[in-house]
Amino acid sequence: MSLVEELAAVRAQALAAIGEAAGTAELDEVRVRVMGRSGELTRYLRQMGQVPQELRAEVGRTANEVRTAVEQALEQRKSQLFASELEASIQAAAVDVTLPGRAQQLGSRHLINQISDQICDVFLGLGYTVADGPEIETDYYNFTALNAPADHPSRSMQDTFYVRDLSGDAAAVRGESDVLLRTQTSGVQVHVMETQEPPIYIVAPGKVYRRDVADPSHLPQFTQVEGLVVDRNISFADLKGTLDHFCKAMFGPERRTRFRAHYFPFTEPSAEVDVSCGICHGEGCRFCKNTGWLEILGCGMVDPAVLECSGIDPEEYSGFAFGMGVERIAALKYDIPDLRLLLRGDMRFLRQF
Ligand code: DAH
């Protein structure tokens, strides 16, 4: 093979390799292999001095042509590859603004808090304010000041969690602690009457605790909303009108109420309030155990002894009070078969509300 043919072969191979180079890095390898310091073409150009005189012109021209051709091909391919690599990197970094966003799971208030708020809202609409009291309470506020002296049978109606004083107080160690987890929100009545002058119109939502084993209708910790009104000339008619309004606001304007005589130590007279069954409208069905009515709260006229004990003159003022279980109202509103569902974190249940 003559030198000219050899150069033609170098050119053909170089152009083929340039055409096949898949990226700028690979292309640069081809450039070094052909045109680098010890590249295939460079070797020929270096040897020109040894080419016989009569061939030198032709070989020289051919070598220069090959060099120019290879350089041009390199340049061209380089800009091609550069453009497509740029395009690819733009594609890779591209954001598809038409894709839908990832759905965020929104939290919501627990059903118990929603119902508690709804109950309070009805009374806030009547001008009441919200009052608060401690969950760890003394015997005095939970029982004594509510007209339930030490030997009063109402104390055994509610099994109480007593708080043991770890400082070693002898009475506490014997289980005679004065400190307890409140069994009812009624103690807030006493705190309010001690610190506020009538007129008093308050509701007090909060947790209460009883030594009950959890079952479909009992929880050892549940929620109550207490209400207290103390003013001049408050009568049982005010109590009835207020609670009838509450039931209609809470359950629907078509619902009726009835007041059944009952007993609570801190009210006299006392009553339990039933609301007509929303399923059978009083006819009797499974939901209301065939009575047509659902019991929803306890109430009564504040016993004058309770007013007096908290420094309010029963000759000048009278009042009414009421208390209701939030879980029970939630269960009645949404036909929840087991109150324990309300204490579990099962999202399949909680998400419904
Ligand atoms: N504290 C009572 C209970 O837990 C509920 C109650 C009844 C509250 C009558 C009252 C009331 O304020 O007047 O069973």
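Numbering of ligands and ligand atoms starts at 1, following listing order. Residue numbers start at 1 and run along the sequence shown.
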Participant: Just going by heavy-atom distances, which of Gly323, Ser270, Gly187, Ala321 is nearest to atom 5 (C) of ligand 1?
Facilitator: Gly323
Participant: Is the shortest distance from a heavy atom of Arg210 to ligand 1 less than 4.0 Å?
Facilitator: yes
Participant: Do any N/O atoms on Gly227 end up under 3.5 angstrom from N/O atoms on ligand 1?
Facilitator: no
Participant: Taking 4.0 angstrom as the limit and counting only heavy atoms of Ser186, give me the atoms of ligand 1 inside it, by number and element.
Facilitator: 1 (N), 8 (C)
Participant: Between Phe123 and Phe246, does the ring centre distance come in under 6.0 Å?
Facilitator: yes
Participant: Taking only heavy atoms of Gly300, which atoms of ligand 1 are found under 4.0 Å from at least one of them?
Facilitator: 13 (O)
Participant: Could a heavy atom of Phe266 be found less than 4.0 Å from some atom of ligand 1?
Facilitator: yes
Participant: Give the table of side-chain donor-acceptor pairs shorter than 3.5 Å for residues 6-20, with sequence neighbours excluded, one pair per line with atom names and distance.
Facilitator:
from, atom 1, to, atom 2, distance (Å)
Glu6, OE1, Tyr44, OH, 2.6

Participant: Regarding Thr257 and Asp244, is there a side-chain donor-to-acceptor distance under 3.5 Å anywhere?
Facilitator: yes
Participant: Determine, using heavy atoms of His262 and all atoms of ligand 1, whether some pair is separated by less than 4.0 Å.
Facilitator: no
Participant: Is it the case that Glu226 and Ser186 place a side-chain donor and acceptor less than 3.5 Å from each other?
Facilitator: yes
Participant: Which residues pass the salt bridge (charged side-chain N to carboxylate O under 4.0 Å, His left out) test with Arg232, sequence neighbours left out?
Facilitator: Glu316
Participant: Check Gln221, Arg182, Arg211, Arg210 against Phe161 for a side-chain contact (heavy atoms from CB on, under 4.5 Å) and give me the one that passes.
Facilitator: Arg211
Participant: State the atoms of ligand 1, each with its element, that fall below the 4.0 Å cut-off from a heavy-atom position in Gln189.
Facilitator: 12 (O)
Participant: Would you mind running through ligand 1 and noting each atom that sits below 4.0 Å from a heavy atom of Thr267?
Facilitator: 13 (O)
Participant: Would you call the rings of Phe349 and Phe353 parallel, tilted or perpendicular if under 30° counts as parallel and over 60° as perpendicular?
Facilitator: perpendicular
Participant: Which bit of Met324 is near ligand 1, meaning a heavy atom under 4.0 Å away: side chain, backbone, both or neither?
Facilitator: neither
